[in-house]
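Here the structure is laid out as structure tokens; the discussion comes afterwards.
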Amino acid sequence: MKRVLVAMSGGVDSSVTAWLLRQQGYDCAGATMRLYRNTDLGEACHKTCCSETDIEDASDVAFRLGLPFEVLDYTPLFRERVIRRFLHAYEHGLTPNPCIDCNRGLKFEALMDYAGRAGYDAIATGHYARVAQNAETGRWQLRKALDESKDQSYVLYMLTQEQLAHLLLPLGERQKTEIRQIAEEQGFINAHKRDSQDICFVPDGDYAAFLERWSGRTWPEGDILDEDGKVLGRHRGALRYTIGQRRGLDLPMGERVYVVAKDMERNTVTVGPESALYSRALLAGNMNWLSIPEPEKPIRVSARTRYRQTESPATAYPLPGGRMKLVFDEPKRAVTAGQAVVLYDGDLVLGGGTILEAQREA
């Protein structure tokens, strides 16, 4: 019988994951990763995931299921691998995705390492995606969830073959409505708990204020420019602005303008018309080819540059040094450095990387 360590966040998805695996005959235990303490955030604990109340909820479900349960303290590692990277990215004009960093450095590295040392055969999470092995090649593959409205394959593109081989994702074959129903039937305390929508350590969505509190630094005002370099107004710190942003610019313009670029060294924010947001290509680095080996020649793909986004047809050109150029069939709006680009072939996740720059021309 396989021994499985279930990563229990305190939410309904990971709770039902534990129940499903028990029903399938696995020898399960539960573990919650403590990533921070609520006093670190200065916010009410009920507003976040991975909080004190979430630990209590996970413990309650584990007790109900008769599972051994433990809390693993990864707060120093979370500060180093997630929050510091989050700050570094914004300081350099990038828009990071901390959930991907957390998956990479915590859930599927630190937790999986712990599980291996503790004698578990696999870990399981409540992510909506599917793992399968190619019968012909033996290569492990990641696929979208059947419930595409909940699909989380985008934030799992960084997984390795070794990690996929020791990962169970039982929710990938099911619908979210079914998961809620199971939780109700089992009387789980979190059956009606809302899904987490925000960055877990920035519960109010004001990431700039969080970074100021956490780092003890402030970011100075500077000039807002048009595409010709003319000063239009003042910004409240370039870190506070993201590509594609329209609200909060406070500019007396006769037409809508959007943030189209930032220069952190010059401390400027550049705005322009919506047409300036469209790119024909992007350059990505730190590529992870997951379900297929790294291609030796250009391949046709569908690509997603944001988590909740419809994929766009494109051609991927592998480059030396773990990089890739992606050329879209049609210009893509608000491609943002620091975000992930994930490549698909139907429901198969081919791989992905970090966007280094958007290119208006191919």
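Bear in mind the structure is a predicted one, so any value in this text is a computation, not a measurement.
- Residues Thr17 and Leu21 form a side-chain contact, since some pair of their non-hydrogen atoms from C-beta on lies under 4.5 Å apart.
- Of the charged side-chain nitrogens involved, none lies within less than 4.0 Å of a carboxylate oxygen, so that Arg234 and Asp250 do not count as a salt-bridged pair.
- Ser15 and Arg64 share no side-chain donor-acceptor pair at under 3.5 Å.
- Asp13 pairs in a side-chain contact (heavy atoms from CB on, under 4.5 Å) with only one of the listed residues (Gln152, His127, Arg180, Lys176), which is Lys176.
- For the residue pair Arg360 and Ser279, no side-chain donor N or O sits within less than 3.5 Å of a side-chain acceptor on the partner.
- Taking 4.5 Å as the limit, every side-chain heavy atom of Glu311 sits out of range of all side-chain heavy atoms of Leu343.
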Intermediate values then yes/no, salt bridge (Lys or Arg N to Asp or Glu O under 4.0 Å), Asp151 and Arg304 | CA-CA 13 Å; Asp151 174 58; Arg304 195 186 299 177; 3.8 Å; yes
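- Using cut-offs of 30° and 60° for the angle between ring planes, the Phe86 and Tyr90 rings count as perpendicular.
- By the 6.0 Å and 45° rule, Arg79 does not stack over the aromatic ring of Phe201.
- Between Glu221 and Arg240 no salt bridge is recorded (no basic side-chain N to carboxylate O distance below 4.0 Å).
- Using a 4.5 Å heavy-atom cutoff, the side chains of Phe69 and Thr32 are in contact.
- Looking at heavy atoms from C-beta onward, Pro313 lies out of side-chain contact with Phe328 at the 4.5 angstrom threshold.
- Counting heavy atoms from C-beta outward, Leu225 and Val271 have side chains that stay 4.5 Å or more apart.
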Salt bridge (Lys or Arg N to Asp or Glu O under 4.0 Å) between Glu274 and Arg333, worked out | CA-CA 9 Å; Glu274 185 176 18; Arg333 188 182 187 280; 2.9 Å; yes
Please test Arg130 against Asp347 for salt bridge (Lys or Arg N to Asp or Glu O under 4.0 Å), starting from the C-alpha separation and ending with a verdict.
-> CA-CA 10 Å; Arg130 294 176 291 157; Asp347 68 354; 2.6 Å; yes
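- Between the side chains of Thr177 and Gln181, not a single donor N or O lies within less than 3.5 Å of an accepting N or O.
- Between Trp19 and the choices Val61, Leu67, Leu65, the side-chain contact (heavy atoms from CB on, under 4.5 Å) rule is met once, by Leu65.
- A distance-only check finds a donor-acceptor pair linking the side chain of Tyr154 to the backbone of Ala340 [under 3.5 Å].
- Side chains of Tyr114 and Glu70: a donor-acceptor N/O pair is present below 3.5 angstrom, by distance only.
- Relative to the ring axis of Tyr120, Arg3 places its NZ or CZ within 45° and under 6.0 Å from the centre.
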Under the salt bridge (Lys or Arg N to Asp or Glu O under 4.0 Å) criterion, do Asp223 and Arg266 qualify, and how do the steps go?
-> CA-CA 9 Å; Asp223 290 332; Arg266 295 173 57 211; over 6 Å; no
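- The shortest distance between side-chain heavy atoms of Val342 and Leu350 does not fall below 4.5 Å.
- Comment: Arg22 does not engage Asp27 in a salt bridge, judged by the lack of any side-chain N to carboxylate O separation of less than 4.0 angstrom.
- In this structure, Lys144 is positioned above the aromatic face of Tyr344, its NZ or CZ under 6.0 Å from the six-membered ring centre and within 45° of the axis.
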